[in-house]
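Right, one structure below, let's go through it.
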Amino acid sequence: MEKEYDLFLFCGQSNMAGRGVVSEQWPEAAPEIISGAGMEYRAISDPKCLHMVEEPFGGEENNPDGICEPGMKTGSMVTSFINAYYVKTKTPVIGVSASKGGSAICEWQGDRDYLSDALMRLKRAEKYLEDERIRIRHRYLLWCQGETDGDLGTSPENYKALFKKMFFQLKDKGIEACFLITIGEYNGEKGFDYSAIRRAQLELTAELSDVLLVCDDFHIMRSRGLMKDEFHYYQKAYNEVGTAAGTRAGELVNAL
């Protein structure tokens, strides 16, 4: 039987891009990719081949005209996600990095913005895989974003409307479903409250049958001491969330 892959577009802001570090208290590093579990397609830095998945995932994928954050990515949840997804589905992943730290949902609307860049990366991946006769079974989005909208005071209603506008454009380009990871809590002195955006995300999974909750664990990390600053996490937290999300996503795909 011909080998086939599931194509994943990894989108969102910094907690999808990855800001994981280790410490004396939390020494757990990002895992190595399981042999055969997945590959990265580097749409910007090296679009003529596939690469082994490694952390920081997408570290070289900086487009000066779009998604660009050189040197900011450290460790992400992506390797943990792909490992867990592969264990469940036995289907390897081709991952495309398309996340931008600090981005608000209004910057993911396809108006020469981060969504425009993500769609370009998806198109390049599709073309490369077609040319190489690499078979794609499914096309999915893994999404984690919203802290900046909490900072900005974006209303839940506006967040949901803008998310839907974004997601419908992705569906129009072949993305079959969005696996959603909700945001966590703010861990600083400015008093931002992320609960309304997290609630809006949970409502989206109830309103749209192809937006599927795969992990709601970031909001418990602050109480566990796993936040390294106001917004980001130690690598252990990214590993846990990635594993939980990959496991659940795999279960949902298997049930299709």
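This structure is a prediction, so every number in the text was calculated from the model and none was measured.
Taking both residues in full, the closest heavy atoms of I220 and D217 are given as CG1-O, 3.0 Å, listed atom of the first, atom of the second, then distance.
Using a 30° and 60° split on the angle between ring planes, Y238 and Y233 fall in the perpendicular class, above 60°.
Here the side chain of Q109 pairs a donor or acceptor atom with the backbone of L162 at under 3.5 angstrom. Listed for the N83 side chain is no donor-acceptor partner under 3.5 Å among the backbone atoms of A37. A donor-acceptor pair is defined here as one N or O able to donate and one able to accept, closer than 3.5 Å; such a pair exists between the side chain of T205 and the backbone of L202. When atom types are taken as modelled, the side chain of D149 and the backbone of I105 share a donor-acceptor pair closer than 3.5 angstrom. Put simply, the side chain of T247 never gets that close to the backbone of A84: no donor and acceptor are under 3.5 Å apart. Proximity of a side-chain donor or acceptor of T74 to a complementary backbone N or O of G20 within less than 3.5 Å is detected. At distances below 3.5 Å, at least one donor-acceptor pair connects side-chain atoms of Q235 with backbone N or O atoms of S76.
For the atom pair M16 CE and I181 CD1, the distance stands at 4.5 Å (nearest 0.5 Å). Summarising the geometry, atom OG belonging to S209 is positioned 7.5 Å from atom CG belonging to L212; distances are rounded to the nearest 0.5 Å. Atom-to-atom distance recorded for Q169:CD and I175:CD1 is 12.5 Å, nearest 0.5 angstrom.
For the pair E126 and R139, the salt-bridge criterion is met [side-chain N within less than 4.0 Å of a carboxylate O]. Electrostatic pairing of E54 and R42 counts as a salt bridge here, judged by a charged N lying under 4.0 Å from a carboxylate O. A salt bridge is defined here as a Lys NZ or Arg NE, NH1 or NH2 lying under 4.0 Å from an Asp or Glu carboxylate O, and D151 with K190 fails to meet this definition.
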Could you please spell out the steps behind the ring pair (Phe, Tyr, Trp, His ring centres under 6.0 Å) verdict for F8 and Y85? CA-CA 11 Å; F8 270 85; Y85 184 86; 5.1 Å; yes
